[in-house]
Asker: 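Have a look at the structure that comes next, please.
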Amino acid sequence: MIRIQRTILVSISVLLAAILPFTPSAKGQTPARPRDDAQAGKAWPQQAVRAAHGMVATDEELGSQAGVEILKRGGNAVDAAVAVAFALAVVEPAAGNIGGGGFMLVRLASGKTTFFDYREVAPGKATRDMYIDKDGNLDKEVSVIGYRSVPGTELALKTYGTMKLPDVMAPAIRLAEGGFPVSEKLAREFDRERPGLQQFSVSARIFLNAGQMFKAGDTLRQPELAATLKRIAKNGAAEFYRGETARMLARDMAGMGGLVTLDDLGHYSPKIREVLRAKYESGAHTWEVLTSPPPSSGGVAVIEALNMLQGVPLKGWDDPQSVHIVAETMRRVFADRAEYLADPDYSQVPVAGLTAPCYAKELAATIDARHASTSKEVKAGAPHACGVSAKHDPAPQTMVSLGEGPHTTHFSVVDAAGNAVASTYTLNDNYGSHVTCSAGFLLNDEMDDFTTQPGVPNALFGLIQSEANAIAPGHRPLSSMTPTILLRDGKLSFVTGSPGGPTIISATLLSVINWMKLGMEAQAAINAPRFHHQWLPDHILMEQQFPPALEQALNAMGHATKRRGHIGLVNAIGIDPQTGERLGAADPRDDGAAVGY
Ligand code: DON
């Protein structure tokens with residue numbers, strides 16, 4: 001318990017505001033791993049789901065249905081997105097909880113775009129070296145704390161929604177109160193997460209059926225969560241930050257030795273940030289990429305990579321040459337990520353330089369078309385805007401290695417008018433800290449996204465990040481979440497994003513390349529095999545779908561390779577340019593569901 005107490009942190013995020021506590025303590029926690037739950041042998045859909053009006057694509061059918069219910073009742077994409085976010089908080093406890101944080105990218109049919117940042121923030125009592133023990137070593141077991149907020153979603157709803165909070169929260173409240181049938185996937189997950197969940201009495205009672213364990217088909221009811229959702233529906237996000245829910249959370253924190261206080265909760269606020277944009281020519285069309293600004297590292301990385309790939313003739317992922325060039329691009333982009341990205345409210349992030357086409361050209365020129373480079377020789381570059389020379393030679397200290405990844409969820413919504421939402425949010429690890437507060441929701445362990453000790457990999461992703469991402473009260477930890485929207489000739493074309501820690505960036509980038517540059521059908525763009533290179537460790541991580549011959553060809557070029565079952569879970573929506581139909585492409589890797597009407 002002492003260890004757990006040390007671990008509790010809170011991050012605050014905007015969605016609905018919550019706060020969060022913990023870090024997964026290593027003791028009793030199953031090793032972090034990506035969810036890889038698509039049922040063995042279940043055939044993947046080969047075509048996207050088509051619908052004339054609206055479409056919602058999420059990890060869970062019940063979550064997608066909640067969004068469609070709101071669309072059919074006349075709500076717009078933002079109303080539906082808020083409904084989905086709350087519904088996933090009930091039916092996808094691994095990731096969709098209100099005790100985490102995230103980003104929501106909105107593009108209205110009018111052309112207006114907004115980025116809602118409800119990322120968690122470190123509590124007031126957080127300190128830079130809070131995870132370093134008396135001997136100066138990083139205690140990885142305690143780095144998972146966080147707190148978050150619910151205000152993000154409410155802010156989005158107030159800004160662009162047309163319905164009231166109680167209306168959009170109705171499906172979530174129904175699911176929490178009346179219960180829903182536990183799927184095979186969920187029953188498997190509870191079983192897998194048992195070592196972590198059983199350490200905490202509220203978690204064990206709710207998710208492990210007080211030790212009896214749930215079977216597929218059993219009903220999961222969450223009365224405490226239902227009561228919390230009802231209070232939020234009635235009182236708004238203020239309930240989460242200053243109301244009874246905040247008091248419950250603060251009491252739990254104090255009881256368990258967590259750092260989040262009522263004062264932290266009361267001071268949290270979501271932020272509206274400017275959307276990152278870049279234009280490309282491809283296939284005789286002009287494309288605009290709208291994506292996530294810092295504290296996401298993903299939008300900068302995706303634009304930097306697409307800039308480097310301008311004019312590169314990619315053939316597809318059965319072509320070793322194409323995989324090689326994109327992997328080398330990822331290597332360089334991740335070297336820059338490690339060096340330069342952090343909370344923009346407290347650091348000068350050189351976004352303009354990193355996303356400048358001429359800087360990308362210089363970086364691309366360092367790629368050997370036939371041979372792999374090594375991450376020993378590839379360091380972060382010296383980003384600069386076009387027409388401005390690089391100011392300094394960076395001396396990067398940072399290194400990255402890849403851990404296996406935890407949990408987060410991405411969903412996409414498009415309504416009948418063409419308004420679109422791309423939203424990704426996270427508890428960080430699967431089931432976050434595994435701690436469920438007395439208000440019935442799981443707390444995140446987002447603190448591990450900070451640089452827990454410069455030069456030492458963080459616990460969940462093995463990321464070694466820069467000093468600029470160090471822990472400090474009120475700072476937002478750097479994120480990889482990358483909700484992204486594409487326009488083709490000025491019109492909505494593709495809505496995408498993914499979970500997966502650092503692999504979020506690669507999975508999102510590949511979905512964009514598949515749709516925009518390779519012209520794949522929407523479902524094919526999601527099904528296509530994925531790979532990832534994050535500079536360090538120096539290998540290409542490849543899904544099992546790649547044939548051995550392709551791996552051998554990469555090895556012959558000098559690439560080390562490693563296999564992983566699945567990378568990312570991209571729930572995307574494309575727009576058919578001919579018919580305007582919405583093409584729902586959920587990720588079959590985890591039995592995602594696209595529902596339209
Ligand atoms: O914000 C981030 O980058 C991480 N907390 C995301 C974690 C994640 O995607 C785990 N998912 N599978």
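Keep in mind that the numbers below use all heavy atoms, side chains included, and drop hydrogens, waters and symmetry copies. Numbering of ligands and ligand atoms starts at 1, following listing order.
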Asker: Please could you name the atoms of ligand 1 that E446 approaches to less than 4.0 Å, counting only its heavy atoms?
Answerer: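 Selected atoms, number and element: 1 (O), 4 (C), 5 (N).
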Asker: For ligand 1, is any non-hydrogen atom under 4.0 Å from D449's backbone (N, CA, C, O), its side chain (CB onward), both, or neither?
Answerer: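 It is the side chain that gets close, since no backbone atom is under 4.0 Å.
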Asker: Which atoms of ligand 1 are found less than 4.0 Å from any heavy atom of I504?
Answerer: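 Those of ligand 1 that fall under 4.0 Å from I504 are 9 (O).
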Asker: If you count the atoms of ligand 1 from 1 in the order shown, which ones are under 4.0 Å from a heavy atom of T408?
Answerer: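 Counting from 1, the qualifying ligand atoms are 6 (C), 7 (C), 8 (C), 9 (O), 10 (C), 11 (N).
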Asker: May I ask you to check whether F207 and H434 place their ring centres under 6.0 Å from each other?
Answerer: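 Here the rings of F207 and H434 have centres that are no less than 6.0 Å from each other.
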Asker: Under 4.0 Å from a heavy atom of S480: which atoms of ligand 1 are those, numbered in the order shown and with their elements?
Answerer: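 By the 4.0 Å cutoff, the relevant atoms are 1 (O), 2 (C), 3 (O).
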Asker: Looking at K185 and D59, does any basic side-chain N land under 4.0 Å from a carboxylate oxygen?
Answerer: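 Answer for the salt bridge query: no.
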Asker: Could you walk me through whether R119 and D117 pass the salt bridge (charged side-chain N to carboxylate O under 4.0 Å, His left out) test, one step at a time?
Answerer: CA-CA 6 Å; R119 180 76 165 156; D117 163 1; over 6 Å; no
Asker: Is the CD atom of E61 crowded by more than 12 outside heavy atoms at less than 6.0 Å?
Answerer: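 Atom CD in E61 is not crowded, with 12 or fewer foreign heavy atoms closer than 6.0 Å.
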Asker: Parallel, tilted or perpendicular, judged at 30° and 60°: which one describes the rings of F531 and W317?
Answerer: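 Ring orientation, 0 to 90° scale: perpendicular.
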Asker: Do any nitrogen or oxygen atoms of L478 come within less than 3.5 Å of a nitrogen or oxygen of ligand 1?
Answerer: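 L478 vs ligand 1: no N/O contact under 3.5 Å.
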Asker: Please work out whether any backbone atom (N, CA, C, O) or any side-chain heavy atom from C-beta onward of R119 is under 4.0 Å from ligand 1, and answer side chain, backbone, both or neither.
Answerer: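 The answer is the side chain of R119.
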Asker: D538 vs R331, test: salt bridge (charged side-chain N to carboxylate O under 4.0 Å, His left out). Steps then yes/no.
Answerer: CA-CA 8 Å; D538 189 349; R331 184 200 300 276; 2.7 Å; yes
